[in-house]
Amino acid sequence: MSKKNGIEALSRRAFLASAATVGASALAAPAFAQSALDTLINAPRRGNWDDQFDAKAASRTATAMVSNTPILGPQSVASAQQAIMQYQQIAAAGGWPEVNPGDQRLQLGVSSPAVQALRQRLAITGDLPREAGLSNAFDSYVDGAVKRFQARHGLPADGVLGEFTLKAMNIPADVRLQQLNTNVVRLQTFPEDLGRRHVMVNIPAAYVEAVEDGSVATRHTAVVGRLSRPTHLVNSKIYEVILNPYWTSPRSIVEKDIMPLMRKDPTYLEKNAIRLIDGKGNEVAPETIDWNGEAPNLMFRQDPGKTNAMASTKINFYNKNGEYMHDTPQQGLFNKLMRFESSGCVRVQNVRDLTNWLLRETPGWNRQQMEQVIATGVNTPIKLATEVPVYFVYISAWGMPDGIVQFRDDIYQMDGNAELALDTTAGMEQPVQ
């Protein structure tokens, strides 16, 4: 499918067919499609600041993207198939117009002919309500629609068409359809019964769901492995929580990071509470090591505490890759646009909420007891009374029972199309100037 530019490029026939998807199922009748199109065209006052501004519209639409329905569950495949039907119709009708603001920054308050193409683009996927019309004004309806689109694509819902929002918006409909088809196959590999209580880590979405009795009990932003050191897909069980964990540095970090740092600052290990332990469990003094030579064959173990790489918590599950979930002293990482920075392990925001949920069925442990132990700084391993299933999955496109369709960056390039890897790993989204 070729991309189209501007409102003129989208034919009435294509828009008529696509408009049927706005606010309705993918099987809407032609009469409804005509009604939807007429509603859009015959709403000339939309975008006039005197009577159409609704400051609450944006927050409502972004909040509506949050659901207690888990990504994995009995309705997952049916919801994905519903999304496929919707995008099949959109693609067959010619897709959506390309949004090309040029050098202009499209955001709330702007009036530009480019906003008409933006309105069409957002209306076709149901992000913009039909009654918003096709004016040039970037009003609160468009602001809310952009935020809704951003939320559906895992982008910061700020209502501004930045670099990555624009890239995601201009991915062709047939490519999105292909992505949905790829992911429904992945969803079909999971059983409907994943366990009464289970944890799911969705790698491309970089978030964690703790699910109980078919509903998301707690959801967490995460940091997962970078492309060169990916987090592995596993079906396993969480068997242990460690409060105030020790951190043992991998050999690669010793060679690439710690050795050069010790050459520059011989007090680095002391400042970071890292001890050298030999094969017999004895501590070795750092000053006895030649830091200009090869890395010593010693364990580099960091004591529990605020500077510990795992901070307060480590969550262990069975796997051959030595990966685990954990807390982090670098809380700012969770504010980044995309969070693919680890060496395979998964950092979890608000991990104590997850830990409290995991320990809830382990006698003797409640939130107060957990916090008291963390405050002592004493290393405390806790075996779960009942092991909790955990699923590390790669789902970059999925549907929900309410008809909302979600997409994420194909960070590991597993979806078969280079356009789906938006390179959003570089940092914060930059506005289009």
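All values reported here derive from a predicted model rather than from experimental measurement.
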Practice prompt. For the pair D353 and R367, find out whether any cationic side-chain nitrogen is under 4.0 Å from an anionic carboxylate oxygen.
Written response: yes
Worksheet item: For E361 and R197, what are the C-alpha separation, side-chain angles and deciding distance, and is it a salt bridge (charged side-chain N to carboxylate O under 4.0 Å, His left out)?
Response: CA-CA 10 Å; E361 296 186 357; R197 301 177 82 235; 3.7 Å; yes
Worksheet entry | Exam field: side chain N244 to backbone V373, donor-acceptor pair closer than 3.5 Å | yes
Worksheet, complete the sentence: Closest non-hydrogen contact found for H198 with V388 is CA-CG1, 3.8 Å
Practice prompt. Measure across S312 and D327 and return the closest heavy-atom pair with its distance rounded to 0.1 Å.
Written response: OG-OD2, 2.7 Å
Worksheet entry | Backbone N/O of A205 and side chain of Q406: donor-acceptor pair under 3.5 Å | no
Worksheet item: Is the side chain of E209 donor-acceptor paired with the backbone N or O of I71 at a distance under 3.5 Å, no angle test?
Response: yes
Discussion item. Using 30° and 60° as the class boundaries, would you call the ring planes of Y87 and W96 parallel, tilted or perpendicular?
Written reply: perpendicular
Worksheet item: Are any side-chain N or O atoms of T231 and backbone N or O atoms of G344, one a donor and one an acceptor, separated by less than 3.5 Å?
Response: yes
Worksheet item: Would one find more than 12 heavy atoms of other residues, nucleotides or ligands at under 6.0 Å from atom NZ of K383?
Response: yes
Worksheet, complete the sentence: Nearest heavy-atom approach of L359 to L384 is CD2-CD1, 4.1 Å
Worksheet item: Would you say the side-chain atoms of D410 pair up with the backbone N or O of S396, donor to acceptor, closer than 3.5 Å?
Response: no
Worksheet item: Do T313 and V241 come close enough that some side-chain heavy atom pair is under 4.5 Å?
Response: yes
Worksheet item: Quick one: ring-ring contact (aromatic ring centres under 6.0 Å, His included) partners of Y246, sequence neighbours excluded?
Response: none
Worksheet entry | Spacing of CD belonging to E387 relative to CG belonging to N316, to within rounding of 0.5 Å | 11.5 Å
Worksheet item: Are side-chain N/O atoms of Q302 and N272 paired as donor and acceptor at under 3.5 Å?
Response: no
Worksheet item: So, do H232 and F392 have ring centers that fall under 6.0 Å from each other?
Response: no
Fill in: Minimum side-chain heavy-atom gap H326-V351 below 4.5 Å
no
Practice prompt. Identify the two heavy atoms, one from I395 and one from L187, that lie closest to each other, and give their separation to 0.1 Å.
Written response: CD1-CD2, 3.8 Å
Worksheet entry | R152 vs D127, salt bridge (charged side-chain N to carboxylate O under 4.0 Å, His left out): CA-CA, chis, key distance, verdict | CA-CA 9 Å; R152 290 196 304 110; D127 295 301; 2.8 Å; yes
Practice prompt. Applying ring-ring contact (aromatic ring centres under 6.0 Å, His included), name anything that partners Y207, two or more places apart in sequence or on another chain.
Written response: none
Worksheet item: Closest heavy-atom contact between R229 and S252?
Response: NH1-OG, 4.1 Å
Discussion item. Taking the ring of F317 and the ring of Y324, is the distance between their centroids below 6.0 Å?
Written reply: no
Discussion item. Apply salt bridge (charged side-chain N to carboxylate O under 4.0 Å, His left out) to residues D415 and R408 and explain how you reach the verdict.
Written reply: CA-CA 11 Å; D415 288 348; R408 294 296 185 273; over 6 Å; no
Discussion item. Using a 3.5 Å distance criterion without hydrogens, assess whether the side chain of R219 forms a donor-acceptor pair with backbone atoms of A210.
Written reply: no
Discussion item. For M325, is there any backbone N or O sitting under 3.5 Å from a side-chain donor or acceptor partner on R347?
Written reply: no
Worksheet item: Distance-only, no hydrogens or angles: does the Q179 side chain make a donor-acceptor pair with backbone N or O of L420 under 3.5 Å?
Response: no
Discussion item. When you measure from the centre of the six-membered ring of W398, is the NZ or CZ of R186 closer than 6.0 Å and no more than 45° off the axis?
Written reply: no
Worksheet entry | Closest non-hydrogen atom pair, V390 against K237 | CG1-N, 3.9 Å
Worksheet item: Is S215 reaching over with its side chain to a backbone N or O of E212, donor-acceptor style, under 3.5 angstrom?
Response: no
